[in-house]
There are 2 protein chains.
Amino acid sequence: MQYNNIAMGITKTEHFTDEQNQLAVLAKALGHPARIAILEYLLKVNTCICGDIVSELPLAQPTVSQHLKELKNAGLIKGSIEGNSICYCINEVGFEKIKSFFQEITNHLEKKKTQCC
Amino acid sequence: MQYNNIAMGITKTEHFTDEQNQLAVLAKALGHPARIAILEYLLKVNTCICGDIVSELPLAQPTVSQHLKELKNAGLIKGSIEGNSICYCINEVGFEKIKSFFQEITNHLEKKKTQCC
DNA sequence: AAATCATATCGTAATATTGCAATATAATAA
DNA sequence: TTATTATATTGCAATATTACGATATGATTT
């Protein structure tokens, strides 16, 4: 079978709205247990350095570093240089976006209590 | 380089809690613009069949079918047979789980207003 | 029964993600 | 200056995801 004119495996982001794509990026960043664990840890300790997370999680340092990068790119955490280490913490901006999406859904669902399937 | 004893590319779910894994599954299901679009459409029309979504989205029928399957597996939508078509709608159970996760985060963040980075 | 309609599944190609060893970088300490 | 410490980047292997044509399945209609 040939798919010469179709880029397989690539998400067709251009067909969706910016908001849909943004939400998907945020959700995708949350779509890994290690990243959920990192966020939960950050919520608990408020602030920490990468090394703390490496000792907390059963993953190698490069792997943790990569997950941190993805969370940062998605806008879910922030990092600032502090001496020779980097201080990470939750970025409230990203969470506000997701939260408002779920708020809308919840509002919608509460309005129509009509059972469907 | 050799990684004979390491399953590369595979998420190490066994090292995380059930709750962390469950949340990740839900978030991952939301991590694609097409699936966001499907959910938004379902919220708008309350109930619809697969064919409606195929005409709505710029994706082929098997692709939509696959996305619907993932949303269903994650517990975000429900489907019930209705004649020779299938009626899909939002599954509130899944959304409740995600919503409570974000509620917890929001509560946490509001308590400690200490600036970190 | 045969045709039609709606959806799912299979097979496959292409890209993305996950994970870690090795290495690079950059700041601090000796 | 030379360790040492902390994090990021590179490179690569393995698995996962995305997308769709072809086809199967299963109900409805003719």
Side-chain angles (χ1 to χ4, degrees), chain A residues 1-16 21 24-25 27-38 48-74 77 79-88 117, chain B residues 1-16 21 24-25 27-38 48-74 77 79-88 117:
Chain A
M1 211 177 294
Q2 295 276 61
Y3 294 98
N4 288 330
N5 51 347
I6 300 163
M8 309 297 296
I10 209 166
T11 299
K12 297 167 101 182
T13 49
E14 70 276 12
H15 294 309
F16 301 100
N21 283 314
V25 166
K28 199 172 186 180
L30 288 167
H32 193 290
R35 293 194 286 268
I36 295 281
I38 289 173
C48 73
I49 61 172
C50 174
D52 294 338
I53 299 169
V54 173
S55 357
E56 186 78 7
L57 298 190
L59 295 170
Q61 180 268 319
T63 309
V64 170
S65 191
Q66 190 177 290
H67 283 309
L68 286 170
K69 193 180 171 183
E70 281 172 63
L71 287 169
K72 203 173 148 195
N73 285 342
I77 64 171
S80 62
I81 299 167
E82 196 134 310
N84 64 338
S85 58
I86 290 178
C87 160
Y88 282 105
C117 317
Chain B
M1 211 178 294
Q2 294 274 59
Y3 295 97
N4 288 329
N5 50 348
I6 299 164
M8 308 297 297
I10 207 166
T11 298
K12 299 167 99 181
T13 49
E14 71 276 13
H15 294 310
F16 301 100
N21 283 314
V25 166
K28 200 174 183 177
L30 289 167
H32 194 290
R35 294 195 285 269
I36 296 280
I38 289 172
C48 73
I49 61 171
C50 174
D52 295 337
I53 299 170
V54 173
S55 356
E56 186 78 7
L57 297 190
L59 295 169
Q61 181 269 318
T63 308
V64 170
S65 191
Q66 191 176 288
H67 283 308
L68 286 170
K69 192 180 173 186
E70 282 173 63
L71 286 169
K72 202 173 150 195
N73 285 342
I77 64 172
S80 62
I81 299 166
E82 196 134 311
N84 64 339
S85 59
I86 290 176
C87 159
Y88 283 105
C117 319

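Order of the sequence lines fixes the chain letters, A, B, ..., with proteins taken first and strands second; residue numbering starts at 1 for each chain.
Atoms CG and CD1, from Leu68(B) and Ile86(B) in turn, are 9.0 Å apart once rounded to the nearest 0.5 Å. Taking CD from Gln66(A) and CD from Gln61(A), the interatomic distance works out to 11.0 Å, rounded to the nearest 0.5 Å. Annotation: the span from Tyr88(A) atom OH to Ile53(A) atom CD1 amounts to 8.0 Å, rounded to 0.5 Å.
Pairing each heavy atom of Leu71(B) with each of Ala29(B), the nearest pair is CD2-O, 4.0 Å.
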When you compare the protein's N or O atoms with those of nucleotides 16-18 of chain D, which come within less than 3.5 Å of each other, and at what distance?
| residue | atom | partner | partner atom | Å |
| --- | --- | --- | --- | --- |
| dT17(D) | OP1 | Lys28(B) | NZ | 2.8 |
| dT18(D) | OP1 | Arg35(B) | NH2 | 3.3 |
| dT18(D) | OP2 | Arg35(B) | NH1 | 3.2 |
| dT18(D) | OP2 | Glu70(B) | OE1 | 3.3 |
| dT18(D) | O2 | Gly9(A) | N | 2.6 |

Are there any protein N/O atoms within less than 3.5 Å of an N/O atom in nucleotides 4-6 of chain D, and if so, which ones and at what distance?
| residue | atom | partner | partner atom | Å |
| --- | --- | --- | --- | --- |
| dT5(D) | O2 | Asn84(A) | ND2 | 3.3 |

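Within 3.5 Å, no donor on the side chain of Gln61(B) pairs with an acceptor on the base of dA6(C), nor the reverse.
A sub-4.0 Å separation between OP1 or OP2 of dA6(C) and a side-chain N or O of Tyr88(B) is absent.
Side-chain atoms of Leu59(A) and Lys12(B), non-hydrogen and from C-beta on, do get closer than 4.5 Å to each other. Looking at Lys72(B) and Glu70(B), their side chains never come closer than 4.5 Å, going by heavy atoms from C-beta outward. In this structure the side chain of Leu57(B) never reaches within 4.5 angstrom of the side chain of His67(B), judged on heavy atoms. When side chains are defined from C-beta on, Ile36(B) does not count as touching Phe16(A), because their heavy atoms never get closer than 4.5 Å.
In this structure, Leu57(B) places its CG atom 13 Å from P of dT7(C), rounding to the nearest Å.
No engagement by Ile81(A) is indicated, since no non-hydrogen atom pair under 4.0 Å with the nucleic acid exists.
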